[in-house]
Amino acid sequence: MSAEVRYGPLVAALAALALVAALVSLTVGYARLDVSAALADVFAGRPTAAAVVLEQIRLPRAALGAMVGFSLGLAGAALQGLLRNPLADPGVIGVSGGAALGAVVVFYSGLAGAFALAMPLGGVAGAIAAALLLYALVGRGAGTMTLILAGVTVNSFAGALTALALNLSPNPYAAYEIMFWLMGSLADRSLPQLWLALPLTIVGWALLIASAPALDALTLGEDTAASLGFDLGRLRAQLIAGAALAVGAAVAVTGAIGFVGLVAPHLLRPLVGDRPGRLLLVSGLGGAIVLLVADIAVRLIPVHPELKLGVATALIGAPLLYGLIDRMRKEA
Amino acid sequence: MRGFPIAGEANSSGRRSQTAHGSFFLPRAAGEGDRAKRGRRWGAFLFAALLAIAAPAFAKPQRVVSLNLCADELALRLADPGVVKSVTWLSQDPLSANVAATAAALPANDGHAEEALTYEPDLVLVGPFAEPASIALLRQVGAPVVEVGAPQTFDGVRRQIRDLAAALGELQRGEALIAGMEARLARVAVDPSRPRLKAVVLRPNGFTVGPGSLVDEILTRAGLDNLAARLDIAADEQVPLEIVALLGADVLILDRDEAGAPSLADAALDHPAIAALARRTTIVSLPARLWTCGGPEIAEAVERLAAAARAREATP
């Protein structure tokens with residue numbers, strides 16, 4: 001495409017934008033906070049209330065926003081490359097829903113208290129189950145219709161099981177928490193949650209980004225890619241594992257946030273041309289920006305209690321998905 | 001069941017809230033609570049004693065079924081053993097209820113009208129969120145229904161105990177229950193000349209408790225000043241954690257039960273920011289069973305908060 005720009009400067013610009021969005025996120029909140037004074041307190045080790053708010057509430061929120069957004073954008077681009085379909089967003093096809101189910105089962109059964117990594121691993125297990133279920137249906141070049149229908153099926157099944165698990169919990173609040181798991185939120189997350197999710201997430205990112213050359217080859221067709229020496233079975237396993245690690249760990253902390261993996265690749269694809277490998281990193285950064293901006297927006301919109309993040313991303317993402325389907329229908 | 005009567009969101013639903021709260025009392029004599037002044041108490045007591053003597057004339061209910069946690073708690077304290085035939089499953093959970101030991105010996109119900117009917121009750125107690133259709137059904141088959149409320153003041157608590165004691169034909173026990181509560185409250189001495197400590201309540205999901213609520217009165221009785229009154233919020237509203245952190249409270253009261261099943265709502269009270277505040281703020285955990293229903297156990301809530309306030313004043 002003519003809009004194609006140079007890769008290096010594009011990555012640098014997006015990274016800078018994501019950093020700015022994260023810094024802005026630190027300054028946005030409900031309490032009037034003198035951020036520079038709070039920052040001085042944090043660095044001086046003075047445990048003032050302002051320092052606590054900045055370090056324990058706003059910092060994890062901004063960092064998780066960037067991390068989760070990156071995971072969703074990256075996983076979206078990778079799944080779209082694997083399935084060769086621009087609609088393959090972790091939320092749309094049910095991977096996030098599966099991750100939410102896994103995390104819910106681990107958390108409300110009390111298993112999360114058994115060992116620290118149980119929560120993110122539960123999310124990863126759920127994401128893998130959903131991805132395998134989906135891949136069994138649409139693995140080999142199935143049409144868009146099959147992909148979407150399979151996604152609807154996986155999503156609604158995972159959603160129903162999530163509701164069931166929440167209703168089975170003896171805790172009276174559990175049943176009301178379905179909104180968090182299906183729509184996602186970054187409100188009042190904490191640093192320990194960030195540290196727990198980060199290692200699995202980074203492994204997932206590495207697996208996905210390492211698949212870039214194979215994804216580029218795959219655009220030439222499976223046979224050509226195989227003849228170029230890429231093991232397609234391995235590529236699938238690597239992409240599904242990578243997406244499950246990144247998305248599963250993220251959802252276990254923030255709940256399922258839809259459409260980020262759809263919006264970011266869609267907006268950035270024209271800038272990198274028909275190179276799914278190059279789209280990976282770019283789309284991850286784009287996802288981080290989208291999620292951080294959405295999270296800033298839900299705090300600025302005067303609605304109480306705070307809007308769930310999935311509401312904000314769906315308001316942008318759903319019309320986009322509609323437009324994409326419409327265009328694909330006309331092209332077909 | 002724990003801090004339920006806190007928000008529209010939490011109230012609007014489900015299995016627990018239906019059985020969980022009390023409600024308004026239908027047969028309420030207007031202004032009865034206003035007369036519960038000290039000087040009048042003896043009169044009420046005498047009246048109760050007379051009624052108790054005359055009681056055989058009015059048949060006491062003999063088969064009482066309660067479909068609400070707060071009604072369970074009062075009915076089990078007021079009625080003769082064996083009169084209450086069934087209570088909600090919630091009151092058998094020691095985390096939710098103050099009467100779990102007694103309740104455990106009784107058949108449990110899920111708060112449905114048709115469950116009540118299987119006991120052929122001569123009195124059914126329901127809560128404020130009971131379905132009107134269920135109440136109509138019970139009345140239709142001839143079972144008297146009394147609704148138990150969620151009182152928002154100490155006067156309301158006394159009135160509620162009296163009303164239910166009357167419905168159960170146990171006026172004397174009702175007065176004794178109130179007298180026990182008053183005696184405990186009277187022992188909590190708050191020095192009015194000392195500056196009141198600033199406190200804020202944090203319930204699961206980040207709700208706080210504003211003025212005009214039972215919890216607000218509990219705080220006042222314990223010698224604390226509810227900081228939520230300074231926030232421009234409704235009686236029960238979700239407050240972002242960062243606002244709570246910057247309020248500068250002397251005492252932070254967490255509505256929590258240590259051994260409950262996990263939920264995100266409760267996990268919110270485990271946020272590291274709260275632990276980080278502990279250097280400046282005294283943190284007290286108060287189990288929900290002490291202040292959810294508005295029964296005589298509110299005296300224990302006042303005692304615990306007053307003790308925390310004294311401990312805080314003692315630390316430099």
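Every chain is numbered from 1 and lettered A, B, ... according to where its sequence line falls, protein lines coming before strand lines. Everything numeric in this text was worked out from a predicted model, so none of it was measured.
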Minimum heavy-atom distance [X]-[Y], with the two atoms named:
{"X": "B/Pro262", "Y": "A/Ser169", "value": "O-OG, 4.2 Å"}
{"X": "B/Ile243", "Y": "A/Tyr30", "value": "CD1-O, 3.4 Å"}
{"X": "A/Tyr108", "Y": "B/Ser263", "value": "CE2-CA, 3.8 Å"}

Heavy atom to heavy atom, less than 4.5 Å: which residues from residues 177-201 of chain A reach chain B?
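So far as heavy atoms go, A/Glu177, A/Phe180, A/Trp181, A/Asp188, A/Arg189, A/Ser190, A/Pro192 are the residues that approach chain B to under 4.5 Å.
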Which residue out of A/Pro47, A/Gly110, A/Pro60 racks up the most heavy-atom pairs below 4.5 Å with chain B?
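Among the listed options, the one with the most contacts to chain B is A/Pro47.
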Backbone N or O of B/Glu242 within a donor-acceptor pair of the A/Arg58 side chain at under 3.5 Å?
no
Determine whether more than 12 heavy atoms belonging to other residues, nucleotides or ligands lie under 6.0 Å from atom CZ of A/Phe157.
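Counting other residues, nucleotides and ligands, CZ of A/Phe157 stays at 12 neighbours or fewer.
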Among A/Leu33, A/Val52, A/Thr48, find the residue that satisfies the side-chain contact (heavy atoms from CB on, under 4.5 Å) test when tested with B/Leu246.
A/Leu33
Would you mind reporting whether A/Gln56 and B/Leu241 have side-chain heavy atoms less than 4.5 Å apart?
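B/Leu241 vs A/Gln56: side chains apart.
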When the 4.5 angstrom heavy-atom criterion is applied to B/Ala268 and chain A, the contacting part is neither
For side chain to side chain contact (heavy atoms under 4.5 Å, CB included), just list the numbers for A/Ile57 and B/His271, CA-CA rounded to whole Å, side-chain angles, deciding distance to a tenth of an Å, and then say yes or no.
CA-CA 9 Å; A/Ile57 299 175; B/His271 197 284; 3.9 Å; yes
